[in-house]
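Below is one structure; the comments refer to it alone.
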Number of protein chains: 2
Amino acid sequence: MAPRNAPRSRRERPAKPALTYDGIVATAVRLMKDEGLRRVTMRRLAQELDTGPASLYVYVANTAELHAAILEELLGAVDLTPVAAPGDWRDRLAGVLGSYTEVLFQHPDLAHSALVARPSGPNYLALVEAVLALLHEGGVPDGQAAWGVDVLLQVATATAAEQSARDRDAAAEDEHLALVAALRAVPAETYPRIAALAGDLVSGTPEQRLAWTFRAVINGARTTARTTD
Amino acid sequence: MAPRNAPRSRRERPAKPALTYDGIVATAVRLMKDEGLRRVTMRRLAQELDTGPASLYVYVANTAELHAAILEELLGAVDLTPVAAPGDWRDRLAGVLGSYTEVLFQHPDLAHSALVARPSGPNYLALVEAVLALLHEGGVPDGQAAWGVDVLLQVATATAAEQSARDRDAAAEDEHLALVAALRAVPAETYPRIAALAGDLVSGTPEQRLAWTFRAVINGARTTARTTD
DNA sequence: ACCTGAACACCGTTCAAGT
DNA sequence: ACCTGAACACCGTTCAAGT
């Protein structure tokens with residue numbers, strides 16, 4: 001046992017390290033990994049940093065910005081090596097997008113927040129750059145590449161966000177099952193095409209569907225001119 | 001002035017009409033149009049219905065389901081007449097999708113909730129049926145049409161959701177401006193493609209970009225086989 | 001400049017108890 | 001079966017006052 005009244009805790013563990021933006025974000029990332037994004041609230045985070053919630057507003061404008069900062073941090077894990085690897089550009093682009101998707105699927109609540117407040121830090125920019133570089137290599141015209149990168153990242157993000165809601169709580173899963181049931185039980189007179197395609201509409205894993213979607217969007221972006229109409 | 005103590009209010013305005021699912025949803029729709037989706041909470045809605053929040057849980061499983069029911073209601077306003085109109089199937093499909101987008105842009109908070117909990121009522125099914133019918137008319141193979149309808153509705157919904165966040169609060173708009181600024185100020189050595197396309201990346205209105213995206217996804221879905229790999 | 005206590009104005013959801 | 005009061009366990013954000 002340490003002697004009583006020793007000034008240890010005062011000197012070795014300064015109870016309150018000064019607040020910094022980086023420190024706040026790092027704590028937020030840890031909190032999210034430990035307890036999920038739902039618990040990364042201004043109040044809970046302030047508690048973790050041994051302060052009051054008002055103090056955080058000096059560094060972060062609101063909760064959405066905080067969540068965007070967490071995502072930006074995690075985007076450092078996206079594998080961008082396919083950009084410089086050999087092989088077909090489409091496959092390598094699908095690889096980068098697949099890696100982005102994996103990051104989102106591992107922390108799926110973030111995908112949801114990414115749709116609302118996109119990050120704009122270096123890791124996000126590096127991802128955009130990688131996608132643009134591969135579209136350029138594939139000969140996709142600049143204007144189409146510029147708009148195409150948005151669509152590609154958006155479908156990946158939206159798919160992860162949808163999936164995340166179902167993973168998180170049973171109610172969202174129930175609702176998805178309700179949709180599947182509704183599609184299968186639909187009267188063929190009123191909805192002939194839905195009835196004809198019932199099986200196809202719900203087939204495949206999210207990953208399989210997303211892989212096809214990436215290819216389809218890449219092909220579409222490559223071949224669809226940006227006419228001003 | 002009416003005579004005092006008349007039993008009027010007791011007989012002519014029964015203070016509490018019985019709760020029903022339809023009544024709850026109708027009140028929720030009205031409340032959203034009056035005060036915005038943010039105010040359509042279980043507590044606020046219960047107050048509007050002159051009861052306690054616990055009573056609503058007899059009819060609605062949770063807030064997400066309530067919001068999905070509101071959207072399903074509003075989807076009745078989507079214009080599906082292009083399905084049976086003359087003209088190029090692509091243009092008519094873009095028309096249906098554009099009408100769906102307009103509904104979402106008018107009540108943009110709903111778009112956000114639609115990504116999490118999709119509706120599965122008759123209006124949503126009619127929209128899916130319309131898109132499938134037009135893809136069928138265009139000769140898009142069944143499997144590709146089945147997966148393509150999802151992508152088309154998803155990009156429309158995700159675009160509206162993004163836009164809604166910016167319309168709603170200034171903070172989200174600031175964040176978007178931060179991204180635009182970051183894209184324009186990026187060092188050309190580190191991010192050569194972003195620098196080269198800076199103007200294109202942020203050009204166009206959401207409507208213009210979405211119109212191109214619809215065409216690109218339709219083309220991609222039409223030409224991209226669903227190989228099992 | 002930075003930090004904070006305290007307050008304002010809310011939330012979703014559950015559950016035992018009533019009718 | 002349906003409805004409810006009351007409670008549990010939280011929220012985001014602001015602002016005047018302190019250091």
Side-chain angles (χ1 to χ4, degrees), chain A residues 14-25 27-28 31-32 34-70 109-110 112-113 116-117 164-166 168-175, chain B residues 14-25 27-28 31-32 34-70 109-110 112-113 116-117 164-166 168-175:
Chain A
K16 304 189 65 176
L19 289 176
T20 62
Y21 179 81
D22 288 348
I24 288 169
V25 173
T27 305
L31 187 58
M32 190 211 53
D34 289 351
E35 308 188 11
L37 190 69
R38 221 179 359 181
R39 299 264 179 249
V40 186
T41 64
M42 295 303 241
R43 291 179 103 106
R44 180 71 184 81
L45 180 58
Q47 185 188 311
E48 202 73 6
L49 289 162
D50 199 18
T51 183
S55 305
L56 302 180
Y57 284 84
V58 177
Y59 302 93
V60 182
N62 53 48
T63 308
E65 194 180 296
L66 177 66
H67 290 179
I70 294 173
D109 289 337
L110 277 176
H112 193 234
S113 86
V116 176
S164 92
R166 298 214 280 276
R168 190 175 43 230
D169 69 304
E173 174 67 21
D174 286 352
E175 214 147 346
Chain B
K16 304 189 62 173
L19 289 177
T20 62
Y21 178 82
D22 288 348
I24 288 169
V25 173
T27 305
L31 186 58
M32 190 210 53
D34 289 351
E35 308 187 13
L37 190 68
R38 220 179 359 182
R39 299 263 179 251
V40 186
T41 63
M42 295 302 242
R43 290 178 102 107
R44 180 73 184 80
L45 180 58
Q47 185 188 312
E48 203 72 6
L49 290 162
D50 198 19
T51 182
S55 306
L56 302 180
Y57 284 86
V58 177
Y59 302 93
V60 181
N62 52 48
T63 308
E65 193 180 298
L66 177 66
H67 290 179
I70 294 173
D109 289 337
L110 277 177
H112 194 232
S113 87
V116 177
S164 91
R166 297 214 280 276
R168 188 176 44 228
D169 70 302
E173 175 66 22
D174 288 352
E175 214 147 349

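Hydrogens, waters and symmetry mates play no part in the numbers below; they use all other heavy atoms, side chains included. Order of the sequence lines fixes the chain letters, A, B, ..., with proteins taken first and strands second; residue numbering starts at 1 for each chain.
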What string of B, S and - do you get for nucleotides 8-19 of chain D 5' to 3' if you count protein non-hydrogen atoms under 4.0 Å? ---BBBBB----

Separation between CD of A:Glu35 and CD of A:Glu48, rounded to the nearest 0.5 Å: 6.5 Å

What integer number of Å spans the P atoms of C:dC10 and D:dC8? 22 Å

Please give the distance between the P atoms of C:dA9 and D:dA9 as a whole number of Å. 25 Å

Run the ring-centre check on A:His112 versus B:His112 and record whether the distance is less than 6.0 Å. yes

Looking at D:dT4, I'd like to know if its phosphate oxygens (OP1 or OP2) sit under 4.0 Å from a side-chain N or O belonging to B:Thr51. yes

Expressed as a whole number of angstroms, how long is the span from [X]:[atom1] to [N]:[atom2]?
| X | N | atom1 | atom2 | value |
| --- | --- | --- | --- | --- |
| B:Tyr59 | D:dC3 | OH | C1' | 8 Å |
| B:Leu49 | D:dC3 | CG | C1' | 13 Å |
| B:Gln47 | D:dG5 | CD | C1' | 16 Å |

Dot-bracket for DNA chain D, 5' to 3', Watson-Crick and G-U pairs with both distances under 3.5 Å, [ ] for crossing pairs, | for partner on another strand, reads ||.|||||...|||||.||

Measure the shortest side-chain to side-chain distance between A:Leu56 and A:Leu49 over non-hydrogen atoms and say whether it is less than 4.5 angstrom. yes

Any heavy-atom pair between the side chains of B:Leu110 and B:Met32 that's under 4.5 Å? yes

Among B:Leu37, B:Val40, B:Thr41, find the residue that satisfies the side-chain contact (heavy atoms from CB on, under 4.5 Å) test when tested with B:Leu31. B:Val40

Is a donor on one side and an acceptor on the other found under 3.5 Å between the side chain of [X] and the backbone of [Y]?
| X | Y | answer |
| --- | --- | --- |
| A:Tyr59 | A:Leu19 | yes |
| A:Ser55 | A:Thr51 | no |
| B:His67 | B:Asp109 | no |

